Number of protein chains: 4
Amino acid sequence: MSPKIVDRDEKRQQIAQAAIVVFGQKGFERTRMEDVAKEANVGKGTLYEYYKDKGSLLNDSFELMMSHFTEELEPQVAGDAPPLVQLRQITDVMLEAMLHLGDVYRFFLEYMIYLSRAPSPSPFLAEMLQGFRMRIAELLKAAVHQGTLRPDLDPLATAAAFLAWFDGAIFHWILLPETIDLREMADQFWEMTLRGILRDPSTGGE
Amino acid sequence: MSPKIVDRDEKRQQIAQAAIVVFGQKGFERTRMEDVAKEANVGKGTLYEYYKDKGSLLNDSFELMMSHFTEELEPQVAGDAPPLVQLRQITDVMLEAMLHLGDVYRFFLEYMIYLSRAPSPSPFLAEMLQGFRMRIAELLKAAVHQGTLRPDLDPLATAAAFLAWFDGAIFHWILLPETIDLREMADQFWEMTLRGILRDPSTGGE
Amino acid sequence: MSPKIVDRDEKRQQIAQAAIVVFGQKGFERTRMEDVAKEANVGKGTLYEYYKDKGSLLNDSFELMMSHFTEELEPQVAGDAPPLVQLRQITDVMLEAMLHLGDVYRFFLEYMIYLSRAPSPSPFLAEMLQGFRMRIAELLKAAVHQGTLRPDLDPLATAAAFLAWFDGAIFHWILLPETIDLREMADQFWEMTLRGILRDPSTGGE
Amino acid sequence: MSPKIVDRDEKRQQIAQAAIVVFGQKGFERTRMEDVAKEANVGKGTLYEYYKDKGSLLNDSFELMMSHFTEELEPQVAGDAPPLVQLRQITDVMLEAMLHLGDVYRFFLEYMIYLSRAPSPSPFLAEMLQGFRMRIAELLKAAVHQGTLRPDLDPLATAAAFLAWFDGAIFHWILLPETIDLREMADQFWEMTLRGILRDPSTGGE
DNA sequence: TATGAATGAGTATTCATTCAT
DNA sequence: CATGAATGAATACTCATTCAT
């Protein structure tokens with residue numbers, strides 16, 4: 001009765017994954033559906049068995065990409081470590097993820113810009129940024145409580161600055177991967193920032 | 001030399017200016033040459049009297065945009081002020097420019113991504129980023145010399161971090177203009193950073 | 001011979017029947033094989049177990065439709081009634097069939113047009129029309145023999161006119177089912193044809 | 001200032017005229033836009049300078065075709081002739097038009113079927129048919145007044161029957177142009193209708 | 001020089017048909 | 001046999017670019 005048995009969800013992912021790669025390399029407008037098909041090792045028509053059109057493939061690919069990030073992030077962060085250590089871990093893990101997935105982050109940037117052009121601001125975008133910010137802010141707040149950071153620190157504002165630096169650093173690195181050493185940049189930023197936000201700068205955060 | 005030449009340059013600029021606007025609004029791939037023509041109040045065919053193709057219009061528009069920035073920047077920065085004041089002025093002036101030209105900065109972002117996809121890394125891009133970095137680094141170095149900043153400060157690394165933050169902040173603001181107060185973000189970053197890099201944090205940099 | 005064969009014919013018919021319905025609703029070019037499959041409650045692939053391609057399904061469906069008509073027609077016409085009564089019965093029965101099968105007759109029209117486009121004129125088409133014409137002409141001839149109709153009547157020509165009116169009437173009704181009362185139209189045509197429209201037929205309208 | 005000067009209306013017509021031809025030959029669904037372009041001696045893209053899409057080209061072509069008919073019809077009908085003569089003239093002129101434009105009438109048929117499939121009945125269709133019917137009915141009414149036709153004649157019903165015959169005759173002729181002599185068919189119909197087919201009309205066929 | 005009409009290469013998408021299960 | 005997943009040929013439509021005026 002039943003023909004070819006296929007895990008449709010898996011195939012959808014396979015396609016979305018291929019799209020992530022190609023969108024990252026060429027950008028949305030310049031990738032042809034055939035490129036995606038080739039990358040996914042399926043026929044052009046097959047894409048349309050799984051996605052209504054190029055736009056929904058874009059959206060789904062983005063979501064898949066984001067889930068890769070969170071999947072990669074969470075298991076590597078020790079929930080019981082001191083908050084500042086956790087923060088450093090997050091930075092490092094995400095930085096490493098970027099280093100592996102350069103083109104993909106380019107796709108991320110493009111998609112953000114694309115979303116930002118929508119006539120009404122994307123709630124998704126706001127939530128995502130807000131989510132990151134809260135996550136960081138929580139850790140900072142905990143560090144303040146512990147007495148590691150200055151009591152007058154504004155956790156949300158600091159988190160926002162931190163994220164801005166992070167995305168900007170990635171952005172610059174995407175632009176000039178050869179010229180920029182992301183890991184060193186992180187060290188420098190960390191050093192500069194810590195001495196600024198520690199209650200007692202002379203201790204260096206220990 | 002002849003009056004016609006002045007005319008031509010003016011018209012070229014008029015077209016490039018229109019392109020800046022439209023590219024900013026719709027993105028490069030999605031703006032049609034006709035959109036640019038309409039915005040520039042010329043016929044579609046006229047564009048090709050002044051630009052070989054869409055690509056060279058893009059490049060030229062970008063250059064024009066950059067010159068707007070430098071033109072706006074320079075006169076407002078007092079060359080004889082203390083270096084840290086100059087740095088703050090630069091930040092403020094550019095921030096204000098962004099606030100006026102949101103869409104245009106989106107165009108900037110897009111163009112950067114576009115350049116970064118070129119098969120060989122764009123020397124222009126490297127120079128531009130390097131140029132900004134040097135400019136900032138010089139000011140920081142001067143401030144170190146003056147004794148305002150910590151003597152062990154690495155000016156180039158700090159400048160890089162500063163620029164990363166700046167571009168990231170703009171990026172976030174472009175994404176969510178309603179949710180983000182650029183000026184406040186700058187204050188926070190400045191405050192956080194200064195206390196970290198000053199020789200004597202208790203003075204607050206004065 | 002084997003029970004399977006009966007099954008096959010039944011299924012072929014089931015599919016052709018479904019095709020009649022869908023072709024009637026959407027037209028040949030606009031129905032997708034999947035529509036037919038769904039209407040026939042079989043899988044898309046199954047269609048190709050029974051029909052080589054869409055074209056042969058079309059042909060077969062048409063034949064099935066025509067057989068429906070003849071099946072419906074014959075038993076309701078009393079072979080021993082006076083010829084003019086038989087003619088009227090034929091008209092009525094076919095008209096009723098149309099009223100039940102409006103969309104299907106649309107399919108008929110389309111198929112006719114389709115056939116007429118074939119590079120060489122379809123012998124089938126000619127035979128069918130000729131067959132109808134002869135059938136009517138026979139009845140008219142009998143009525144002439146009986147003395148009910150004028151002896152100088154040209155039976156074939158009159159049959160042709162009759163059929164033209166019939167198909168034209170159906171055509172108009174298909175176009176505007178709400179506005180046209182087929183049964184009344186038939187009555188009027190019958191009356192007009194039988195008695196003529198001239199006040200004084202003997203003059204011939206001069 | 002102004003470039004190529006083109007009579008856009010004329011070009012629109014040129015294209016619509018080409019479309020009439022090709023739609024007539026191949027049918028709407030099977031004609032590719034390129035076929036139309038070739039027939040109109042323009043590039044594929046040019047079609048879209050004048051028509052939004054294939055559908056509106058279809059609609060416009062149909063309107064143009066209809067205007068051809070009316071243009072051809074009116075000047076050849078003597079408004080001061082006796083009504084029955086006018087009616088005969090109309091029949092003849094339209095028949096001749098058909099003989100010249102066979103494929104085009106096929107396009108007409110197809111378009112009618114297409115319209116009839118629209119979810120809500122096309123007012124255009126109703127008006128057109130009604131218009132023809134009224135035109136004929138007026139002539140019949142005049143002939144009744146003059147005493148040429150039977151006083152108990154129902155002009156509208158008779159007009160409807162007349163039109164049904166006409167379209168049916170054309171339809172059959174389109175199907176089998178070789179086998180059917182339209183002019184003779186018209187003669188026969190005219191004769192039959194005028195005088196009736198009963199030997200003794202006064203009995204009504206009972 | 002300025003223009004917009006003309007063009008066709010390029011692309012997303014559809015759908016008849018095939019084929020692995 | 002039956003199925004629906006897979007496929008790619010076919011096609012409407014867009015838009016950068018050319019060109020006649």
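All heavy atoms count here, side chains included; hydrogens, waters and symmetry mates do not. As the structure is a prediction and not an experimental result, all values here were calculated from the model.
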Note: R32(D)-D35(D) ion pair, threshold 4.0 Å (strictly below): yes
Residues D103(B), R106(B): salt bridge by 4.0 Å N-O rule: yes
Sugar-phosphate or base contact per nucleotide [nucleotides 9-16 of chain F; S, B, -; heavy atom under 4.0 Å]: BBSSBBSS
Atom-to-atom span, CG of D7(D) to C1' of dA6(E) - whole angstrom: 16 Å
Distance, rounded to the nearest Å, where I15(B) contributes CD1 and dT1(E) contributes C1': 12 Å
Interatomic distance, K11(A) NZ vs dG4(F) C1' [rounded to whole Å]: 12 Å
Complement of dT21(F), any strand, by Watson-Crick or G-U distances under 3.5 angstrom: dA2(E)
Salt bridge (charged side-chain N to carboxylate O under 4.0 Å, His left out) contacts touching residues 52-63 of chain A (sequence neighbours left out): R12(A)-D60(A)
Integer-rounded Å distance: dT1(E) C1' and L47(B) CG: 14 Å
Pairing partner of dC13(F) (Watson-Crick or G-U wobble, both distances under 3.5 Å): dG10(E)
Candidates F62(A), F69(A), F171(A) - the one meeting ring pair (Phe, Tyr, Trp, His ring centres under 6.0 Å) with F108(A): F62(A)
Separation of dT1(E) C1' from R12(B) CZ (nearest whole Å): 16 Å
Lys/Arg-Asp/Glu bridge criterion (N-O < 4.0 Å) met for R117(D), E110(C): yes
Test item: S61(C) side-chain N/O and L57(C) main-chain N/O as donor-acceptor pair under 3.5 Å: yes
Atom-to-atom span, CD of Q14(C) to P of dC1(F) - whole angstrom: 15 Å
Sugar-phosphate, base or nothing in reach of Y50(C), heavy atoms under 4.0 Å: sugar-phosphate
